[in-house]
Amino acid sequence: MAEQQSLTSDAPVVLLFRHDLRVNDNRALYAAAQTGKPVIPVFILDEHSDDVRPVGGARRWWLHHSLTALETSLKALGATLLLKRGATQNIVDRLLDETAADMVLWNRRYDPPGVDTDRNLKSELGRRGLTAESFDGHLLHEPYLFKTGTGGFYRVYSPFWRAFSAGPDPRDPVSAPDGLKPYDGPTTSDRLKDWQLLPENPDWAKGFAADWTPGERGAQDKLAAFLDDAIGYYGNDRDKPAVEATSRLSPHLAHGEITPFQIWHALKAPDLAAEGQGTDKFRKEIGWREFSYHLLFNNPHLATRNYNASFDEFPWQNKADDLQAWQRGLTGYPIVDAGMRQLWQTGWMHNRVRMITASFLIKHLRIDWRKGEAWFWDTLVDADPASNATSWQWVAGSGADAAPYFRIFNPMLQGDKFDPMGHYVRAFVPELKNLPDKFLHVPWLAPENILMEAGVVLGGNYPHPLVDHQAARQQALIAYARIRKGSEAF
DNA sequence: TTGCGGTTGAT
DNA sequence: TCAACCGCA
């Protein structure tokens, strides 16, 4: 069919890029090459279509560098990437006018505004008799594929994962095309630097580049390094933030520099068979990403509305000073502060510590989970509309498949258990680095002389605990008890 | 309908 | 052991 079209028309094909910034396993790109038509690749920064949530600050930094990498990859294939900013439909309309293209291809998105925008685009193009086709790539399975026995969506992860595991095998990745036929007509493109994606305060992103290489190559390097080594101890050490035992693929996945299909396929390598436990656990985490999209797809307002409406009555305190102390890593609880500072300095936080810091914000400070979700959205290089919303609601207890309300993380115990040597805390809270292990997670319990020897001044160079753990825990339990009674209380 | 079980915990 | 609930087959 593709060949037939190339015989009948040499009109160009427009290829949309959004969060699929790669040339390998890019089915839309592959299909565009197959047509034999000139290809016009265009990245659209759409912050104008209905309900679109603007890209957060950390992801803007990433996007800047990833687009630079993509531009280079496409150039090597013979095509020039155009940069356009605005509502998708308007951008495409103008491009079709300018270039007389008769075909538009893209890889599917699964965030609700993206779904709506692309659905409208497809029907509009179809109405005009143009070819519009979308492809998979972001998820192993469409988020509506799995249904419970009664035909609904899954609310609980375990049954979802059972259904997923019994489902069809994910396809194999497709290779990059050998080349693209260039489009020679006149085109216009924004200049990347005019988008000002890099932060105004350059100090903020200074630490990002040490940890991350945005782009397809950086993604493949991270995957190779993970499969080479860390996956062997992923099962045991993935909860220890001081150990490099996780894949660190999340920002690359979020920007579509690597696909879950490529990861899934790589996990089938024979020499990984010996790492059975690690690979199974890791697949299950990929499954969480799929589950989060399954939930978001079926609950478009997951990032802004309590899944469980009884939480609308939750007595949040929302103290501005407390929120700011949390954001800056100045709560006085070392494991919490280390996490928040890792986030600020590197654009990423270890998964275990995300739970600890989120639980602290919600349960110890009783600040609405949406404030935390928004902060993570702005500061995480891997900010993902599905995972972020699902995980915050999970910790709050307001979501589908929530943690029990009485499960309140104890930051001291979590610190002792998962950072027993204190390497993580010392790396990100250097003012405590000379404290002995025994007091590292509880500096306020250290005797005066120990504090003095370590150069720690509570209330001076490190804060007193913002709240007392036991008291805050009791208050949280009371607050949760109140909404559990529901309307009875009124 | 009924029975089972529920990512990540604390006391 | 903690309280009780609700998703799922």
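By convention in this document, chain letters (A, B, ...) are assigned in the order of the sequence lines, proteins followed by strands, and residues within each chain are numbered from 1.
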### Message
Over all strands shown, is A/Phe160 touching base, sugar-phosphate only, or nothing at heavy-atom distances under 4.0 angstrom?
### Response
nothing
### Query
Do A/Ile335 and A/Asp419 have side-chain heavy atoms sitting under 4.5 Å apart?
yes
### Message
Does C/dC8 have OP1 or OP2 under 4.0 Å away from a side-chain N or O of A/Thr150?
### Response
no
### Query
What ring pair (Phe, Tyr, Trp, His ring centres under 6.0 Å) pairs are there with at least one residue in residues 385-406 of chain A, not counting sequence neighbours?
A/Phe376-A/Trp392
### Query
Reckon A/His350 has a side-chain N or O less than 4.0 Å from the OP1 or OP2 of B/dT8?
no
### Query
Tell me: NZ of A/Lys147 to P of C/dC8, nearest whole Å?
13 Å
### Message
If a pair means Watson-Crick or G-U wobble with both distances below 3.5 Å, what does DNA chain B look like in dot-bracket form, with | marking bases paired to a different strand?
### Response
.|||||..||.
### Query
Given atom NZ of A/Lys281 and atom P of B/dT8, what is their separation to the nearest angstrom?
12 Å
### Summary
Picking from B/dA10, B/dT7, C/dA9, the nucleotide nearest the side-chain atoms of A/Thr148 would be C/dA9
### Summary
Rounding to 0.5 Å, atoms CH2 (A/Trp344) and CH2 (A/Trp204) come to a distance of 5.0 Å
### Task
Just say parallel, tilted or perpendicular for the rings of A/Phe311 and A/Tyr480, cut-offs at 30° and 60°.
perpendicular
### Query
Among B/dA10, C/dA3, B/dG6, which nucleotide sits nearest the side chain of A/Asp401?
B/dG6
### Message
Check whether A/Trp264 forms a cation-pi arrangement with A/Arg171 (NZ or CZ under 6.0 Å from the six-membered ring centre, at most 45° off the ring normal).
### Response
no
### Query
Is A/Tyr405 touching bases, backbone alone, or none of the nucleic acid, heavy atoms closer than 4.0 Å?
base
### Query
Does A/Arg407 put a side-chain nitrogen or oxygen below 4.0 Å from OP1 or OP2 of B/dT8?
yes
### Task
Provide, to the nearest angstrom, the distance between the CG atom belonging to A/Asp239 and the C1' atom belonging to B/dG9.
12 Å
### Message
Distance check, P atoms only: B/dG9 and C/dC5, in whole angstrom units.
### Response
24 Å
#### Entry: Euclidean distance, atom CZ of residue A/Arg155 to atom P of B/dG6 [Å, nearest integer]
18 Å
### Message
As a test of reading the structure: which of C/dA9, C/dG7, B/dT11 is closest to the side chain of A/Tyr154, going by heavy atoms?
### Response
C/dA9
### Query
For A/Glu285, which contact category applies under a 4.0 Å heavy-atom criterion: base, sugar-phosphate, or nothing?
base
### Task
Kindly say if A/Gln414 contacts the phosphate of B/dA10, meaning a side-chain N or O under 4.0 Å from OP1 or OP2.
yes
### Message
Donor-acceptor pair, distance only, cut-off 3.5 Å: does the side chain of A/Gln317 make one with the backbone of A/Leu365?
### Response
yes
### Query
Are the aromatic rings of A/His138 and A/Tyr293 close, with centres under 6.0 Å apart?
yes
### Message
Among B/dT11, B/dT7, B/dG9, which nucleotide has an atom closest to any side-chain atom of A/Asn410?
### Response
B/dT11
### Query
Does A/Asn351 make a side-chain N or O approach to OP1 or OP2 of B/dT8 shorter than 4.0 Å?
no
### Task
Quickly work out the A/Phe409 CZ to B/dG9 C1' distance and round it to whole Å.
7 Å
### Message
In whole Å, I'd like the distance from the CD1 atom of A/Ile408 to the P atom of B/dG9.
### Response
14 Å
### Task
Show the numbers, then the answer: is there a side chain to side chain donor-acceptor pair (under 3.5 Å) between A/Asn318 and A/Asp368?
CA-CA 6 Å; A/Asn318 291 338; A/Asp368 192 323; 4.9 Å; no
### Query
According to a strict under-4.0 Å criterion, is A/Gln470 in side-chain N/O contact with OP1 or OP2 of B/dT11?
yes
### Query
Atom CZ of A/Arg162 and atom C1' of B/dG5: how far apart are they, to the nearest Å?
8 Å
### Query
Would you call the rings of A/Tyr154 and A/His294 parallel, tilted or perpendicular if under 30° counts as parallel and over 60° as perpendicular?
tilted
#### Entry: Face-to-face stacking of A/Trp288 with B/dT7, centres under 5.5 angstrom, angle under 30°
yes
#### Entry: Between P of C/dA4 and CZ of A/Phe406, the distance in whole Å
11 Å
### Message
For the P atoms, the ones on C/dT1 and on B/dT7, what distance do you get once it is rounded to whole angstrom?
### Response
22 Å
